[in-house]
Amino acid sequence: MSSTDSNNNNRPAEPFAYYSSSSIHNLDLTALDSDISISEAKRQEAFDTSAKIKVLLIKAKRSLEQQQVNDTGSEAGADNGGGNDGGDCNLELEALIAKSLPSEKQSVRVANLSFQFQEYARLKSYQYFLSTGNLLPPSKLPPTISDEEYLAGSVMGLTEDLSRYVIGRATARDVSSVKIAKSLVEKCLKYLMKFDFRNGMLRRRYDGVKYQLKTCETVLYELSVTGLNVHGTNEIGTNSGKNENRDNDMDMDCEPQSKRVKTEPNGDASIADAIIPERELDELHARIEHRDDLREKLIKRCRDAQKAAKQAIFALHRPDYKRASRLIADCERIVKNDLNPIVEEDPSLHYGSYANVLEEYAEAKLFQVWLVGKDGDNGDENGNSKAKGKLLTPVEFSTIKLEPGEYLGGLCDLTGEVGRYAVQRGTQRDSDGVQFCLETNLSILFSLETLQRFPSGSFVHKKMDQLRRSVEKLERMLYELSLVEATGRHIVVDSVNEESIRGGRENNEKREAM
């Protein structure tokens, strides 16, 4: 034996070829990858804009707190030039907000711009309060500030500012301003109690308004303990109270006018009575109630659509291809006729139940086409025909348009259905069928791993480990089938119980939720 032959015998063989180069499972996601990259670039640009708005908001608030110019004018403000800096900052902020706001009131906000819009509405409301003592009407904000952003910023956020404002004015022993702020917080809370906030950001901030009111009430009580008259009438027979009121008036005379709320000089009772724009707020409440009704209607119909898609997948496993086609058509009809009009009216409802329906529909449609082809006819209701192996790309979903995250989520879930189909083929000792399923999952895994990034906000990255485990299980199954063939055993299971298929799928969904 030559040395060359000896070296060849010592060299290990090539890895087992699970995936053939001539496979029909090639899945080209180049166009989707490009769309995701463009979307992520816009998202990053929105984050950069949000950071700039944040800085300008901080500067504007700082300028507002440092302002020392009274109504008649102050030489100090003219000397240090602080007012000009604040004015330039406000102009830049207004221009950036106008550029960043979307064209529609309820359109989906990119990145965290919605939070900055809330903070902008909060600043404008605080400025309005300092100049009028009242609550800023929604009509005085840009028209595309959403109702939720107005509530979170101009109402709930304002109460946080007023809580801090009250402590500052109490330090200067300014009872009138404290009472005006307390009155406005009280009216804001009374208005907010009309809403039935579901769990979320607005609910958490609404709970904080109660504590802001408690702070105002506590400060007023503490001022009364020190001898200040907080009820609007002089205390009879108490010289110390009169002296304290006189000292308070002297302190107020020393304070710059810009540090105090502008009020109408027509008596203590009217001074402490803040005004809220009730008509506009009632209209806002009606709009939010309408959107809540839309949301409830959407959720109910989403259950029907998602149920149809799930049952279509069960029917495909049985196999009952005709019933599966009817169920998928029912799902498409519900989405097009019932769900899409609601989402078009309120785009913020796209994410959540609606997106879950589209992901489930994508899974069912992908599995149907993979099994029976695009024409929907496999020719064998007994499930003995070989799967077609066709993998739909996003552009081939012509009936219902899918977002990248919804398509990729359905594609990842498809691998679980392919794995369950492989189990059925394994019980029939169909090694070629299992190999076919393995090639499908390998193709999907390769296509996903070669994407530059996944869509933000999607859960595709969490499903990747599950996809890799699915591939490993199919490799193991193929190995065990080779052992069965090597031993000459030919025991074939007649059928796979439908409940075992359903149970395996539900267990898989529970693992995803965890």
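All values below were derived from every heavy atom in this structure, side-chain atoms included, with hydrogens, water molecules and symmetry-related copies excluded. The structure displayed is predicted, hence computed values, not measured ones.
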So does Phe47 have more than 12 non-hydrogen atoms from other groups sitting under 6.0 Å from CZ? yes
Using only atom types and a distance under 3.5 Å, with no angle test, would you say the side chain of Ser131 pairs donor to acceptor with the backbone of Tyr128? yes
Evaluate the criterion salt bridge (charged side-chain N to carboxylate O under 4.0 Å, His left out) for residue pair Glu160 and Arg205; output intermediate values, then yes/no. CA-CA 10 Å; Glu160 299 175 18; Arg205 299 198 73 167; 3.4 Å; yes
Tell me whether the rings of Phe436 and Trp370 are parallel (<30°), tilted (30 to 60°) or perpendicular (>60°). tilted
Main-chain N/O of Glu439 paired to Ser443 side chain as donor or acceptor, under 3.5 Å: no
Test item: Arg279 side-chain N/O and Pro277 main-chain N/O as donor-acceptor pair under 3.5 Å: no
Are the side chain of Lys105 and the backbone of Ile145 linked by a donor-acceptor contact shorter than 3.5 Å? yes
Within-4.5 Å side-chain heavy-atom neighbours: Gln452 and Glu40: no
Ignoring hydrogens and angles, tell me if any N or O in the side chain of Ser470 forms a donor-acceptor pair with the backbone of Gln466 under 3.5 Å. no
Out of Lys297, Arg301, Lys300, which residue meets the salt bridge (Lys or Arg N to Asp or Glu O under 4.0 Å) rule with Asp338? Arg301
Checking Ile444 against Leu391 for the side-chain contact (heavy atoms from CB on, under 4.5 Å) test, could you report, in this order, the C-alpha distance in whole Å, the side-chain angles of both residues, the deciding distance, and whether it holds? CA-CA 9 Å; Ile444 294 174; Leu391 294 175; 4.1 Å; yes
Check step by step if salt bridge (charged side-chain N to carboxylate O under 4.0 Å, His left out) holds for Lys190 and Glu186. CA-CA 6 Å; Lys190 183 179 179 181; Glu186 200 169 32; over 6 Å; no
Is a side-chain donor or acceptor of Thr450 paired with a backbone partner of Ser447 at a separation under 3.5 angstrom? yes
Could you tell me whether the side chains of His285 and Glu280 share a donor-acceptor contact shorter than 3.5 Å? no
Check whether any side-chain N or O of Ser458 sits under 3.5 Å from a backbone N or O of Pro455 as a donor-acceptor pair, and report yes or no. yes
With a 4.0 Å cut-off on N to O distance, would you call Lys61 and Glu65 a salt bridge? no
Are the side chain of Asn112 and the backbone of Phe115 linked by a donor-acceptor contact shorter than 3.5 Å? no
Main chain of Ile275, side chain of Asn134: is a donor-acceptor contact present, judged purely on distance under 3.5 Å? yes
Walk me through whether Tyr120 and Ile53 qualify under side-chain contact (heavy atoms from CB on, under 4.5 Å). CA-CA 9 Å; Tyr120 169 74; Ile53 294 176; 5.6 Å; no
Check the pair Leu474, Asn441 against side-chain contact (heavy atoms from CB on, under 4.5 Å), reporting the backbone distance first and the verdict last. CA-CA 9 Å; Leu474 291 182; Asn441 284 5; 3.5 Å; yes
Passing candidate, side-chain contact (heavy atoms from CB on, under 4.5 Å) with Leu298, options Val343, Asp293, Asp346: Val343
May I ask you to check whether Thr159 and Gln212 show a side-chain donor-acceptor distance below 3.5 Å? no
State plainly whether the residues Arg122 and Glu149 are in salt-bridge range, i.e. N to O under 4.0 Å. no
Give the ring-plane orientation class for Tyr206 versus Phe197, where under 30° counts as parallel, over 60° as perpendicular and anything between as tilted. tilted
Tightest non-hydrogen contact, residues Leu27 and Leu392, listed as CD1-O, 4.1 Å
For a quick check under 3.5 Å, do Asn90 and Glu94 share a side-chain donor-acceptor pair by atom type? no
Only one of Lys401, Lys374, Lys365 forms a salt bridge (Lys or Arg N to Asp or Glu O under 4.0 Å) with Glu396, so which one is it? Lys374
Salt-bridge present (Glu289, Lys194; N to O < 4.0 Å): no
Test log, rule salt bridge (charged side-chain N to carboxylate O under 4.0 Å, His left out), inputs Lys99 and Glu45: CA-CA 13 Å; Lys99 180 181 177 181; Glu45 183 181 356; 5.9 Å; no
Between Arg453 and Asp33, is there a salt bridge with N-O shorter than 4.0 Å? no
After noting the C-alpha distance and the side-chain angles of Tyr354 and Ile342, does the key distance pass the side-chain contact (heavy atoms from CB on, under 4.5 Å) rule? CA-CA 10 Å; Tyr354 178 75; Ile342 296 177; over 6 Å; no
Would Glu332 and Lys336 count as a salt bridge (charged side-chain N to carboxylate O under 4.0 Å, His left out) here? Give the steps. CA-CA 6 Å; Glu332 292 175 341; Lys336 291 174 62 178; over 6 Å; no
Could you tell me whether Glu472 and Arg468 make a salt bridge, using a distance below 4.0 angstrom between a side-chain N and a carboxylate O? no
Got a salt bridge between Arg198 and Asp292, using NZ or NE/NH1/NH2 to carboxylate O under 4.0 Å? yes
Cationic N near anionic O, under 4.0 Å, Asp465 to Lys462: no
Minimal non-hydrogen separation, Thr49 against Ser100, with atom names: CG2-OG, 3.1 Å
Are Tyr165 and Phe129 near enough that their ring centres are under 6.0 Å apart? yes
Would you confirm whether the ring centroid of Tyr421 sits within less than 6.0 angstrom of the ring centroid of His317? no
Will you find, in the side chains of Glu345 and His290, an N or O donor that is under 3.5 Å from an N or O acceptor? yes
Backbone N or O of Ser125 within a donor-acceptor pair of the Ser154 side chain at under 3.5 Å? no
Name the one of Thr215, Leu213, Leu184 that satisfies side-chain contact (heavy atoms from CB on, under 4.5 Å) with Leu162? Leu184
